[in-house]
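Since we're looking at a predicted model, the values are computed, not measured. Lettering of chains follows the sequences in order, A, B, ..., and the numbering in each one begins at 1.
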Number of protein chains: 2
Amino acid sequence: MADREAEHLVGTRARLVEVAGEEFARRGFADATVRAICERAGVNIAAVNYHFGDKAGLYRACVQSKYEKSLAHRPPEGGLGPERPAEERLGVFIATMLERMLDSSEPAWLARIMAREMVQPTEVFDEMCDHFIRPQFAMLRGIVAEIIGAEAESVTAYRAAYSVVGQCLFYKHCRAVVERITPGQGYDLAAVAGIAEHVTRMSLAGLRAMREAGADGAAGDAWAADKARFFSGDGRGMS
Amino acid sequence: MADREAEHLVGTRARLVEVAGEEFARRGFADATVRAICERAGVNIAAVNYHFGDKAGLYRACVQSKYEKSLAHRPPEGGLGPERPAEERLGVFIATMLERMLDSSEPAWLARIMAREMVQPTEVFDEMCDHFIRPQFAMLRGIVAEIIGAEAESVTAYRAAYSVVGQCLFYKHCRAVVERITPGQGYDLAAVAGIAEHVTRMSLAGLRAMREAGADGAAGDAWAADKARFFSGDGRGMS
DNA sequence: CATTGATTGAAACGTGTGTTTGAATCGGTT
DNA sequence: AACCGATTCAAACACACGTTTCAATCAATG
């Protein structure tokens with residue numbers, strides 16, 4: 001009789017997961033309380049223990065149930081096949097990533113939880129990294145490598161991909177700073193499209209310049225020595 | 001008789017601030033306990049209340065006492081005057097920012113606390129943003145505006161500066177991801193220098209391309225309409 | 001040495017938390 | 001109807017935490 005929110009969802013499990021996801025994203029795992037979650041979901045406190053074991057189990061269920069839905073809803077390639085030019089695929093990748101993170105019409109709490117996992121990884125981080133981040137990053141790396149004209153496993157490709165991702169993530173991770181420095185502009189679809197256009201243009205120019213400069217060698221001494229150290233972590237280098 | 005760490009610091013205040021900073025950075029404000037902090041500092045629990053009022057006061061003292069020291073120790077311009085070319089100043093800015101965040105020989109917990117403040121601002125965020133972030137961002141914005149050939153208050157300059165900062169912050173905020181995707185490489189001085197060189201090169205190429213494309217107008221319809229909306233937040237636009 | 005204010009010490013307090021309990025209720029099956 | 005497993009409920013439990021208390025100790029001053 002006391003369903004406060006999430007009334008559109010049937011079943012205590014589904015309501016709990018939905019409400020808990022928002023609460024974990026807003027407050028963080030430690031500051032989010034199971035009492036507040038259950039009250040918002042209109043569910044008894046014991047339901048957490050009964051359905052998910054404990055608070056950590058509920059958190060695990062939130063993350064694991066959502067990142068696959070996000071991936072299915074907005075595939076990173078946006079339906080573009082590999083026959084399209086790499087420049088176009090890069091633009092779609094950037095726009096998709098920004099929309100998935102910033103568009104306020106989405107259940108955007110997944111990206112916020114991921115931002116928290118970055119600064120303080122929990123037990124779900126490894127799986128999230130392997131199943132969600134790594135495949136998309138590999139796809140992006142292939143695109144930038146094609147534009148640069150270097151191998152996808154080269155140091156240059158890795159760092160160039162990092163640069164593209166970094167530009168996008170900034171608007172999510174540092175949203176509080178952006179809103180304080182340039183206040184008043186929300187993240188509606190048009191604003192996100194403007195950001196995507198800028199990031200794409202800036203990245204494309206940088207990548208093309210790297211192609212002209214040559215993939216390796218022609219960039220000074222530090223660069224070559226740098227590459228040798230880059231892959232010194234484990235024997236096989238990369239998966 | 002029981003000083004566990006930070007014995008080199010005299011005075012309970014100094015020991016508390018130092019230990020608490022590391023603890024807040026590692027665990028976060030909620031997960032860090034005053035008991036653990038005081039035990040590590042070799043200080044009685046009541047000292048927190050006596051010297052700082054409460055846990056939040058200790059946190060405030062940590063942040064406010066450190067970001068000014070960081071700024072004094074590594075000025076963002078690196079001693080370069082405005083007579084040097086903008087390209088050189090950009091490289092120094094990027095290298096300084098990366099070293100301050102990544103170099104493991106520094107008391108690097110300030111950057112980690114700032115990353116936490118991004119995803120979950122507390123009461124110290126506004127002051128930190130105004131006194132620490134905004135001045136450095138304004139300096140960077142001036143540099144990139146000079147390279148682009150646009151006004152420092154233009155949308156292009158803001159977003160270009162965001163792109164530069166985003167590339168740098170990625171290595172700090174997403175360190176866990178970087179270490180899982182390319183494991184084994186630490187952030188010693190040489191590695192940081194390599195990253196700085198890449199970010200500088202990629203950014204410079206992007207900025208130069210924007211100058212050639214023209215500051216405004218010549219880039220399609222969305223760009224101009226975009227600018228009108230960018231500064232619609234408050235009347236004066238910017239400080 | 002005696003006095004006084006500042007600081008430290010050990011212990012306890014109150015509160016909010018995640019978790020558990022055991023009875024009550026529901027939904028389907030025999 | 002009677003039964004039974006699954007689920008829900010109100011209440012309580014156990015614990016860790018931030019905070020407070022008040023006596024003990026220290027350092028300077030007369």
Side-chain angles (χ1 to χ4, degrees), chain A residues 1-63 65 113 116 120 122-124, chain B residues 1-63 65 113 116 120 122-124:
Chain A
M1 50 175 139
D3 292 13
R4 309 293 180 88
E5 305 180 41
E7 295 178 331
H8 59 288
L9 287 178
V10 293
T12 55
R13 278 191 64 104
R15 284 210 304 272
L16 266 180
V17 167
E18 182 61 27
V19 172
E22 301 173 7
E23 209 70 15
F24 283 138
R26 190 195 322 270
R27 325 265 186 198
F29 181 80
D31 285 333
T33 70
V34 301
R35 278 181 168 82
I37 293 172
C38 291
E39 191 177 8
R40 276 189 53 190
V43 162
N44 190 271
I45 314 179
V48 169
N49 220 273
Y50 180 77
H51 286 284
F52 303 97
D54 55 359
K55 186 185 180 183
L58 175 58
Y59 179 75
R60 224 177 298 125
C62 286
V63 178
S65 80
I113 284 183
R116 293 185 182 278
Q120 187 154 27
T122 71
E123 52 179 344
V124 307
Chain B
M1 52 174 136
D3 291 14
R4 310 294 179 88
E5 304 181 42
E7 296 178 331
H8 59 289
L9 287 177
V10 293
T12 54
R13 279 190 65 103
R15 285 209 303 272
L16 267 180
V17 167
E18 182 61 28
V19 172
E22 301 172 7
E23 209 71 14
F24 283 138
R26 189 196 322 271
R27 326 265 185 196
F29 180 80
D31 285 333
T33 69
V34 300
R35 278 181 167 82
I37 293 171
C38 290
E39 191 176 9
R40 277 190 53 190
V43 161
N44 190 270
I45 314 179
V48 169
N49 220 274
Y50 180 77
H51 285 285
F52 304 96
D54 55 359
K55 186 185 179 182
L58 174 58
Y59 179 75
R60 226 177 299 124
C62 286
V63 178
S65 82
I113 284 183
R116 293 184 182 277
Q120 187 155 29
T122 71
E123 53 179 344
V124 307

- Query: Between the main-chain N or O of Ala47(A) and the side-chain N or O of Asn44(A), is there a donor-acceptor pair closer than 3.5 Å?
  - Reply: no
- Query: Any donor-acceptor pair under 3.5 Å joining the side chain of Arg35(B) to the base of dG18(D)?
  - Reply: yes
- Report the distance from atom CZ of Phe29(B) to atom P of dC17(D), rounded to the nearest whole Å. 14 Å
- Over all atoms of both residues, closest heavy-atom pair of Cys62(B) and Val17(B): SG-O, 3.4 Å
- Check step by step if side chain to side chain contact (heavy atoms under 4.5 Å, CB included) holds for Arg13(A) and Leu16(A). CA-CA 5 Å; Arg13(A) 278 191 64 104; Leu16(A) 266 180; 5.9 Å; no
- Are any side-chain N or O atoms of Lys55(B) and backbone N or O atoms of Val48(B), one a donor and one an acceptor, separated by less than 3.5 Å? no
- Message: Starting the side chain at C-beta, find the nucleotide from dG18(C), dT19(D), dG9(C) nearest to Ala46(B).
- Response: dG9(C)
- Nearest-Å distance, CZ (Phe52(A)) to C1' (dT7(D))? 14 Å
- Message: Just verifying a value: how many Å separate Arg27(A) CZ and Gln120(B) CD, rounded to the nearest 0.5 Å?
- Response: 9.0 Å
- Specify the separation, in whole Å, of atom CZ of Phe24(A) and atom C1' of dG18(C). 11 Å
- What are the two closest non-hydrogen atoms of Val43(B) and Thr12(B), and how far apart are they? CG2-CG2, 3.9 Å
- Taking Arg116(A) for its side chain and Arg26(A) for its backbone only, find out whether a donor-acceptor pair lies under 3.5 Å. yes
- Specify the residue among Ala47(B) and Ala30(A) whose closest nucleotide of DNA chain C lies further upstream toward the 5′ end. Ala47(B)
- Task: Specify the separation, in whole Å, of atom CD1 of Ile45(A) and atom C1' of dT20(C).
- Result: 11 Å
- When the ring planes of Phe24(A) and Phe29(A) are compared, do they come out parallel, tilted or perpendicular, using 30° and 60° as the limits? parallel
- Taking DNA chain C as the partner, which of residues 53-63 of chain B come within under 4.0 angstrom of it by heavy atom? none
- Rounded interatomic separation in angstrom, taking CG from Asp31(B) and P from dA16(D): 15 Å
- Query: Taking atom P of dT25(D) as reference, at what distance in whole Å does atom CG of Asn44(B) sit?
  - Reply: 14 Å
- Message: What is the separation between atom CD on Glu39(A) and atom P on dG18(C), rounded to the nearest whole Å?
- Response: 13 Å
Please list, for nucleotides 4-7 of chain C, all pairs of protein and nucleotide N/O atoms separated by less than 3.5 Å.
from   : atom 1 : to       : atom 2 : distance (Å)
dT7(C) : OP2    : Tyr50(B) : OH     : 2.5
dT7(C) : O5'    : Tyr50(B) : OH     : 3.3

- Note on the structure: One should read off an interatomic distance between Glu23(B) CD and Ile113(B) CD1, to the nearest 0.5 angstrom, of 10.5 Å
- Query: So which nucleotide from dA10(C), dT20(C), dA12(D) ends up closest to the side chain of Asn49(A)?
  - Reply: dT20(C)
- Between Arg13(A) (CZ) and dT8(D) (P), how many Å, whole number? 11 Å
